[in-house]
Asks: 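Submitted below is the structure of interest, expressed as structure tokens.
Computed from a predicted structure; not experimentally measured. Naming convention: chains lettered A, B, ... in sequence-line order (proteins, then strands); numbering from 1 in each chain.
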2 protein chains.
Amino acid sequence: MSIQERKAREFNRRESEILNAALALFGRADWELVTVEEISRKAEVGKGTIYKHFESKDEIYARLALEFNRKLLAQIQQTNLLPVIARFREMTRVAWEAHLSSKELHRVVLYCGRAEFRRNLPARISEELKAVEAATNKAINSAIMQGVEEGLFPRKPLDMLMFGAQSAFWGAVQLIWSGYLNERDKARYCDEITNFILTGLIYQDRRL
Amino acid sequence: MSIQERKAREFNRRESEILNAALALFGRADWELVTVEEISRKAEVGKGTIYKHFESKDEIYARLALEFNRKLLAQIQQTNLLPVIARFREMTRVAWEAHLSSKELHRVVLYCGRAEFRRNLPARISEELKAVEAATNKAINSAIMQGVEEGLFPRKPLDMLMFGAQSAFWGAVQLIWSGYLNERDKARYCDEITNFILTGLIYQDRRL
DNA sequence: GTCGTATAATGACCGGTGGTCACTAATCAG
DNA sequence: CTGATTAGTGACCACCGGTCATTATACGAC
């Protein structure tokens, strides 16, 4: 049934168009006020059509975040052959680049990270998001275990080792985008936070 | 004019009642769905009364955040006589305690930190928030300068030194409340992040 | 061709929300 | 007593996310 296939293709294309239209609108300063009707106009479809493709406005956010996380995961997994310090630097650089290169996507990913958001998400999408996040954590865990085995990081529970590193990274990205910091030298901030994280991991159980 | 004073006192008391009612409702799991009318019912006033006291719903959030930040600032400023490491530990502990002891207030403070929120805030409140934040930053800066002068932290731009520390703290608090972590040992997480921050500050320019 | 079927697409419509405003009630100065 | 001021009020408005009856199109069966 080639015609049915074509129809399915067109259906999927329309879905992408809607997502792209939404993402484009989320570039606006008042992106949280973007309405479903605006998205439908930008995508050149009727408002009802949106709801043939997505259960809710929130699912649009979630699908965009999912796509972002999948791409990031693939990049992070590709660092697995590097020596441990270079691996951390590369993972941080890749994630930094991903979050800093698109204000729209960063906003959406952050928006979808909140517990209040996750609670009301359709189960299907929620599971997908959890799966990608679990895979990402596994990749980071693997890097940390590598560091522990090489004697670079102290031997202690993995979640505690992860905690500081993840905190610093997420906090840094958010500080950047929240506008308090100097826009000029984002690259330097990346270097700073990468060093900060590695330093924390390596020296955290030394006496102060 | 004792009677006018009494009236003013009652007006202020009503304002506090509204803020308390709002804060109580923000403890709900779906706190973002709390409506102005619900707040007015809880405070036992008419809905219109809310708008005699606050320009918008957002101003209610902002006023709660302001109160939180003021109390925190006062506590942070009281650490100024401690030796530098103890000072940092105490500052972190106090801020940690403030954020972790009330889910409602933490939510509100975070909600008010977003750039999108700040943009639409009435100028008066916005200035007040900025002032408190500036004072808080000044207090932290003073502690960091103390560390630099004692030769404990490396000599480099203050904002770069602050960056890692603030990132790690904010990221940690958010990770805790986002629900990914174990609720049991919040105290241990506090110790971890405090060490992580101090380690980062002290060793961040060592060779890795 | 033509009829019945399936389904993507649509926009008028609904319930609920933040915010407004004309009005009431209480108090005060003259 | 009278006019002015102001806290308090809730019916009302514009607008939003989401629904659903209807339309348009393409298909296979005959």
Asks: Whole Å only: how far is the NZ atom of A:K57 from the C1' atom of C:dT17?
Replies: 14 Å

Asks: Would A:E44 and A:R14 pass as an ion pair if we require N to O under 4.0 Å?
Replies: no

Asks: Measure CD/B:E38 against C1'/C:dG18 and give the value in whole Å, please.
Replies: 13 Å

Asks: Does a side-chain N or O from B:R14 land closer than 4.0 Å to OP1 or OP2 of D:dG8, or not?
Replies: yes

Asks: Starting from C1' on D:dA7, measure out to CG on B:N12 and report it in whole angstrom.
Replies: 13 Å

Asks: Answer yes when A:R124 and A:E55 have at least one side-chain N-carboxylate O distance shorter than 4.0 Å, and no when they do not.
Replies: yes

Asks: Can you spot which of A:E15, A:E10, A:E17 makes a salt bridge (charged side-chain N to carboxylate O under 4.0 Å, His left out) with A:R13?
Replies: A:E17

Asks: Round to a whole Å and report the spacing from CD of B:E37 to C1' of C:dG16.
Replies: 10 Å

Asks: Hey, do the aromatic rings of B:F153 and B:F88 have their centres closer than 6.0 Å?
Replies: yes

Asks: Using every non-hydrogen atom in the two residues, find where B:R87 and B:T79 come nearest and quote the distance to one decimal.
Replies: CG-O, 3.4 Å

Asks: Can you check the B:N120 CG to C:dG18 P distance for me, whole Å?
Replies: 15 Å

Asks: Given that A:S56 and B:F11 both sit by DNA chain D, which one's nearest nucleotide is further toward the 5' end?
Replies: B:F11

Asks: Between A:E104 and A:R28, does any NZ, NE, NH1 or NH2 come within less than 4.0 Å of an OD or OE carboxylate oxygen?
Replies: no

Asks: For DNA chain D, find the residues of residues 39-55 of chain B with a heavy-atom distance under 4.0 Å and give them by number; none if there aren't any.
Replies: B:V45, B:G46, B:G48, B:T49, B:K52, B:H53

Asks: Could you tell me how far apart A:I18 (CD1) and C:dA8 (P) are, to the nearest whole angstrom?
Replies: 12 Å

Asks: Quickly work out the A:L25 CG to D:dG17 P distance and round it to whole Å.
Replies: 12 Å

Asks: Rounding to an integer number of Å, can you tell me how far A:L33 CG sits from D:dA14 P?
Replies: 19 Å

